[in-house]
Amino acid sequence: MRAVLVLYFKYFLRWDDDFATTIYHTFVALCYLTPILGAIVADSWLGKFKTIVYLSIVYTLGQIVMAISAIHDITDSNKDGIPDNMTFHVALSMVGLILIALGTGGIKPCVAAFGGDQFEDHQEKQRSTFFSIFYLSINAGSLLSTVITPILRAQECGIHTQQKCYPLAFGVPAALMVVALIVFIVGSGMYNKTAPQGNIIVQVCKCIGFAIKNRFRHRAREHPCRTHWMDWAEEKYDKLLIAQVKMVLKVLFLYIPLPMFWALFDQQGSRWTLQATTMDGDFGALIIQPDQMQTVNPILILVLVPIMDSLVYPLISKCKLNFSPLKRMTVGMFLAALAFIAAALVQIQIDQTLPKFPSSTVGQAKFINMVNRTLNINAGPNSFTLESYKANEEYFNFNGPFELNLGSGNAFLGNIPAGTRATVVIIQNGTKPRPTQFRDIKSKPEQGTNAIRFLNGFGSVLNATVGTLEFGNTITNNMSEYVSVPQGNAQFHIRDNRGQECVYTQKLGFGSSYTLIIPPTFAFGPNCENSIQPVVDIKPNTIHMAWQIPQYFLITAGEVVFSVTGLEFSYSQAPSNMKSVLQAGWLLTVAVGNIIVLIVAEAATLPDQWAEYILFASLLILVCIIFAVMAYFYTYLDPAKIEAEFAHEEPEDKEKRKSLEMAKKDSVEHHKEDRRSSDSSSDEEETKQTKI
């Protein structure tokens with residue numbers, strides 16, 4: 001669903017790139033914050049099975065709500081293909097996304113653990129096989145979704161008007177989720193369901209909270225210092241638990257710089273997808289949608305993981321190089337920074353091909369000569385020559401009214417409103433030429449389509465169609481409306497009132513705009529298409545999407561080195577019963593990383609997208625240096641050895657704790673007794689005084 005989400009924001013809800021990016025990363029952050037709540041609910045109250053079932057229902061409802069929110073016909077009362085009540089669609093979308101975030105957060109920490117619960121201690125081999133199949137399924141799902149969901153989105157559907165089919169892109173995952181939930185519930189009788197036994201995360205938080213509170217109580221100088229601040233929890237908690245918490249905190253401290261990596265990594269689904277919308281997706285026989293470029297990531301993961309494990313790491317080991325886990329993670333962060341530098345270089349090339357649209361203070365115009373002779377034209381400060389049935393290639397800028405001189409004393413006052421684009425068509429009016437002005441589009445056509453219109457210089461009304469799209473009837477010396485035509489070889493059928501037809505073929509790329517001139521000399525017949533002149537108003541995207549592959553390769557290589565190694569390192573340094581705490585901490589770094597993106601997207605006022613990419617790369621390099629210093633001073637632990645030292649608490653420690661508790665109780669009882677005695681004496685004295 002995330003594969004098409006940012007395009008749904010941009011093209012359906014009509015949000016700008018920055019706001020679409022902000023909401024996208026807010027949603028992703030929620031998806032990685034809620035697993036902590038899901039783990040606590042499952043371990044403390046409902047158990048894993050019920051948590052998966054209940055929150056999968058929430059998950060499915062969220063997907064259904066998203067699919068409904070994307071149906072434009074619900075509020076399209078005038079049947080023009082654009083929703084009339086966008087607030088309704090935005091509200092439904094937000095409800096759907098919140099439900100999905102709660103659902104995915106609830107099941108994310110439970111599914112793998114519930115699968116592991118199905119095996120006994122002697123079934124280690126089977127458990128290992130299960131996890132291999134489980135993670136293979138996740139990657140297969142990721143790969144299929146990034147291929148299929150954009151294809152579903154690219155279909156056109158609707159009751160009154162045909163639009164991009166976001167309801168199908170959201171609805172199919174909802175239907176599959178319903179099927180998956182039913183299959184899961186049907187197998188209920190076969191599952192081993194362990195009862196909730198309390199959540200270790202809650203216990204760890206309570207232990208840390210008590211240590212902080214106890215230290216604050218004994219902050220006076222007369223209290224002797226302890227070796228570690230967690231030692232202040234010894235009055236209430238076992239030394240084994242305290243030692244385990246210390247090990248966890250040591251690893252969590254290393255997690256502090258990690259969110260910056262995820263801030264860059266998760267922009268594959270937002271900024272990089274938006275970047276692909278301004279690129280050429282023609283791969284010959286295969287047309288790639290912008291959101292399908294994300295497929296490169298799971299494909300490269302499946303390729304790079306075995307290469308790293310079986311070739312790169314063993315080769316480094318044979319060279320006797322100390323490539324420790326923390327060093328690998330540092331390299332992964334550096335590769336991610338390089339990926340964003342590559343993205344910035346691609347963006348610079350894209351920016352050079354994009355049209356320069358008018359600012360709020362300038363108007364732009366180009367000129368088309370429909371007169372049967374060459375004209376020498378003076379338009380304000382611009383002088384140029386136009387042949388018959390031709391147009392000048394570039395738009396001219398005008399800051400206000402200007403004199404338009406067409407020669408032979410034909411002078412007119414021209415005015416292009418600020419912030420607009422126009423085409424000035426010079427037609428024959430009796431014996432003299434005169435200008436007619438038509439408004440042009442002033443933005444790139446959306447979703448890779450091409451904005452096409454006809455200029456009819458023929459002597460009768462013409463009607464043009466392409467596929468099922470119609471341009472309507474266009475009278476002589478007039479322009480048709482723009483029609484969005486998809487990429488490919490478009491065949492235009494041009495007909496007059498007598499039924500004569502001419503077929504004109506134009507190869508269209510991505511994101512272009514053309515004015516097709518039908519000159520006065522046009523005639524129906526075998527070679528009629530040769531007289532039609534295409535004028536490029538907006539050039540198609542020329543930078544190929546394949547140029548994104550290097551940045552995807554670098555970010556995926558960084559992910560393989562960083563993420564896989566990071567989890568492996570965390571587990572090796574964590575106590576046996578606190579793997580889930582570190583898993584929660586790891587997911588929290590992903591959430592914080594996405595929060596960083598939305599802060600930068602809203603706060604940074606950089607005029608160019610490439611500058612934002614360089615900003616993120618610079619921040620990650622800085623964080624990478626900090627992490628390298630932290631890693632240098634980190635001492636690797638052996639949790640099993642440390643736990644063995646505290647496995648059996650010494651009897652005298654237990655007795656000591658028990659005696660302290662008894663002394664505390666006695667102290668409280670004595671205090672109560674003294675108070676009662678004092679109150680009794682006070683009452684007797686008061687009675688005596690009253691009698692006197």
Side-chain angles (χ1 to χ4, degrees), residues 277-280 282 350-359 362-371 375 377 379-380 382 384-398 402 404 414-427 435-457 462 464 466 469-472 474 477-492 494 504-519 522 529 531-543:
T277 62
T278 59
M279 302 178 78
D280 180 6
D282 188 355
I350 291 171
D351 290 347
Q352 292 175 355
T353 66
L354 295 177
K356 306 297 181 187
F357 292 110
S359 66
V362 174
Q364 291 182 339
K366 72 188 311 180
F367 298 83
I368 297 177
N369 178 13
M370 295 295 284
V371 179
L375 292 177
I377 300 173
N382 308 294
F384 52 95
T385 301
L386 268 185
E387 296 179 7
S388 298
Y389 321 128
K390 299 289 183 182
N392 52 314
E393 292 185 1
E394 301 296 333
Y395 282 84
F396 296 114
N397 290 332
F398 296 96
F402 61 94
L404 177 61
N415 185 24
I416 309 298
T420 65
R421 269 189 164 199
T423 294
V424 178
V425 180
I426 301 166
I427 59 176
T436 304
Q437 188 171 304
F438 298 93
R439 188 68 62 91
D440 294 0
I441 60 171
K442 57 175 184 176
S443 62
K444 289 278 282 185
E446 294 180 346
Q447 306 189 59
T449 58
N450 303 273
I452 309 297
R453 64 180 176 177
F454 281 89
L455 171 57
N456 181 14
L462 295 177
V466 53
L469 303 172
E470 295 185 1
F471 290 83
T474 308
N477 292 330
N478 212 330
M479 289 267 199
S480 71
E481 294 295 325
Y482 281 106
V483 172
S484 294
V485 182
Q487 181 272 346
N489 289 318
Q491 283 196 333
F492 298 91
I494 304 163
Y504 172 74
T505 302
Q506 175 75 40
K507 185 176 182 181
L508 301 175
F510 291 84
S512 66
S513 176
Y514 286 88
T515 298
L516 302 179
I517 300 174
I518 302 175
F522 173 80
E529 69 274 8
S531 60
I532 297 175
Q533 300 293 323
V535 174
V536 180
D537 298 332
I538 297 175
K539 293 177 181 178
N541 303 341
T542 55
I543 305 299

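Being a predicted model, the structure only gives us computed values, none of them experimental.
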Output the distance between atom [atom1] ([X]) and atom [atom2] ([Y]), rounded to the nearest 0.5 Å.
{"X": "I441", "Y": "F357", "atom1": "CD1", "atom2": "CZ", "answer": "6.5 Å"}
{"X": "D282", "Y": "L508", "atom1": "CG", "atom2": "CG", "answer": "11.5 Å"}
{"X": "N489", "Y": "Q506", "atom1": "CG", "atom2": "CD", "answer": "9.0 Å"}
{"X": "F510", "Y": "T449", "atom1": "CZ", "atom2": "OG1", "answer": "10.5 Å"}
{"X": "D440", "Y": "T423", "atom1": "CG", "atom2": "OG1", "answer": "3.0 Å"}
{"X": "S513", "Y": "Y482", "atom1": "OG", "atom2": "OH", "answer": "4.0 Å"}

*Would one find more than 12 heavy atoms of other residues, nucleotides or ligands at under 6.0 Å from atom CD of E394?*
no
*asked:* Would you say that more than 12 heavy atoms from the other residues, nucleotides or ligands in this model lie under 6.0 Å from the CD of E393, or not?
replied: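 12 or below, so no.
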*Test F454 against every option in T515, I517, N478, I494 by the side-chain contact (heavy atoms from CB on, under 4.5 Å) rule and name the one that passes.*
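Of all the options given, the one that passes is I494.
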*Of L516, L455, I452, T474, which is the lone residue that meets side-chain contact (heavy atoms from CB on, under 4.5 Å) with S480?*
T474
*Report yes if some heavy atom in the side chain of K356 is under 4.5 Å from a heavy atom in the side chain of V362; otherwise report no.*
no
*Please work out which of the three classes, parallel, tilted or perpendicular, describes the rings of F367 and F402, given edges at 30° and 60°.*
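Ring orientation of F402 relative to F367: perpendicular.
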